[in-house]
Amino acid sequence: MGRASSALEAGGGAAAAMARADVFAWDTVGEETPADPRNTYAATKLHQEHLAAAWASATGGGAVALRYHNVYGPHMPRDTPYSGVAAIFRSALEAGRAPAVFEDGGQQRDFVHVTDVAQANLCALAAEPPEGALRAHNVASGSPHTVGDMARALAEAFGGPEPRTTGEYRIGDVRHVVASPERAARELGFRARVTFADGMRAFATDPLRPAAPSR
């Protein structure tokens with residue numbers, strides 16, 4: 001469900017969002033859930049699936065789409081807003097700043113380690129593709145944690161300042177996104193193995209790479 005900017009502004013994001021969360025509990029999202037991209041980034045990812053599906057239908061080939069959820073791990077780019085919340089928090093800690101958590105920090109997300117993502121790709125390459133069609137699979141842990149959980153876990157493992165909740169928000173962000181991993185487990189034989197605790201502990205000291213120069 002979308003959240004209007006006026007509603008988010010009413011409580012710095014937190015009050016309106018929490019009120020909705022009390023009524024609409026989160027649930028895992030399967031691959032057959034109707035797509036509803038809320039921003040250009042999401043729309044372009046869905047468009048890639050449409051292109052691959054059109055190719056498969058026209059040629060009789062098969063395509064497997066992997067829908068990565070919140071990926072994190074070593075060698076993420078530092079100091080860029082496009083790298084994902086994990087790298088943003090790590091970059092802040094390296095600079096001696098407290099991670100800035102938007103809304104109230106209670107947004108549920110599905111964080112999956114990059115080594116698990118690599119394994120999912122290997123599983124997809126080994127799988128028999130569908131004939132003349134595209135088949136999508138979530139690449140996710142299936143175990144949700146809040147954005148605030150991530151910020152606190154990284155700050156504790158890094159030995160940095162406690163996160164601060166800002167009440168800011170981004171238009172287009174949904175309150176909760178938690179993926180169902182069942183299709184990937186059933187059809188590709190993939191299950192994420194890195195736990196949230198182990199992954200965050202490692203990522204707190206993993207190397208980051210410089211962000212690409214802006215053009």
Side-chain angles (χ1 to χ4, degrees), residues 1-3 24-77 80-88 107-145 147 170-196 199 203 209 211-212 214-215:
M1 170 174 283
R3 299 179 293 166
F24 301 103
W26 65 268
D27 198 0
T28 54
V29 176
E31 291 84 352
E32 298 304 322
T33 301
D36 183 20
R38 304 290 174 83
N39 53 46
T40 305
Y41 172 67
T44 55
K45 291 207 295 185
L46 181 61
H47 186 51
Q48 291 175 35
E49 290 191 12
H50 290 165
L51 289 171
W55 168 83
S57 177
T59 65
V64 175
L66 299 181
R67 296 177 176 175
Y68 305 155
H69 281 255
N70 290 71
V71 183
Y72 70 96
H75 305 295
M76 294 184 78
T80 169
Y82 307 108
S83 61
V85 68
I88 291 172
Q107 310 94 295
Q108 297 276 358
R109 293 293 185 267
D110 197 316
F111 300 107
V112 59
H113 196 268
V114 68
T115 57
D116 283 325
V117 173
Q119 184 60 40
N121 278 266
L122 293 175
C123 290
L125 287 170
E128 189 69 28
E131 185 174 338
L134 175 141
R135 188 73 165 164
H137 297 82
N138 289 328
V139 177
S141 70
S143 300
H145 292 272
V147 173
R170 296 193 311 176
I171 296 297
D173 276 2
V174 296
R175 178 64 176 174
H176 305 305
V177 182
V178 180
S180 170
E182 295 309 316
R183 179 186 287 184
R186 185 173 63 252
E187 298 182 5
L188 302 181
F190 167 73
R191 284 275 188 192
R193 296 182 179 277
V194 180
T195 66
F196 179 80
F203 184 58
R209 61 181 169 85
S214 56
R215 295 179 179 177

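In this text, all values refer to a predicted model and were calculated from it rather than measured experimentally. Just the heavy atoms: all of them, side chains too, but no hydrogens, waters or symmetry mates, feed the values below.
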Legend entry - Test item: T44 side-chain N/O and T40 main-chain N/O as donor-acceptor pair under 3.5 Å: yes
Legend entry - Sub-4.5 Å side-chain heavy-atom contact between P129 and R135: no
Legend entry - Contact summary for P77 and A87, nearest pair of heavy atoms: O-CB, 3.5 Å
Inset, instruction - Rounded to the nearest 0.5 Å, what's the gap from CD on Q119 to NE2 on H113? Could you check? - result: 13.5 Å
Inset, instruction - Heavy atoms only: give me the nearest L188-L66 pair and the separation to one decimal. - result: CD1-CD2, 4.0 Å
Legend entry - Any donor-acceptor pair under 3.5 Å from E31 side chain to N138 backbone: yes
Inset, instruction - Might you point out which heavy atoms bring Q108 and P144 nearest each other, and give the distance in Å? - result: OE1-CB, 3.4 Å
Side chains of residues 68-76: which donor-acceptor partners sit under 3.5 Å, not counting sequence neighbours?
unit_1, atom_1, unit_2, atom_2, d
Y68, OH, N121, OD1, 3.1
Y68, OH, N121, ND2, 2.9

Inset, instruction - Please name the residue in the list S143, S180, S141 that meets the side chain to side chain donor-acceptor pair (under 3.5 Å) test with D110. - result: S141
Inset, instruction - Working to the nearest 0.5 Å, report the span between CG of L134 and NE2 of H50. - result: 9.0 Å
Inset, instruction - Give the minimum heavy-atom separation between P181 and A140, together with the two atoms involved. - result: CB-O, 3.9 Å
Inset, instruction - State which residues pass side-chain hydrogen bond (donor to acceptor under 3.5 Å, both in side chains) with R67; sequence neighbours excluded, sorted by chain then number. - result: E49
Legend entry - Closest approach of C123 to F190 (non-hydrogen atoms, all atoms of both residues): SG-CB, 4.1 Å
Inset, instruction - For residues 116-130, pull every pair meeting salt bridge (Lys or Arg N to Asp or Glu O under 4.0 Å), keeping only residues two or more places apart or in separate chains. - result: none
Inset, instruction - Taking the side chain as every heavy atom from C-beta outward, state whether H145 and Q107 have any pair of such atoms under 4.5 Å apart. - result: no
Legend entry - Heavy-atom closest pair, residues A192 and V112: CB-CG2, 4.4 Å
Legend entry - Side-chain heavy-atom pair F203, V114 within 4.5 angstrom cut-off: no
Legend entry - N39 side, atom CG; D173 side, atom CG - distance, nearest 0.5 Å: 7.5 Å
Inset, instruction - Answer yes or no: is there a donor N or O on one side and an acceptor on the other, between the side chain of T33 and the main chain of G30, under 3.5 Å? - result: yes
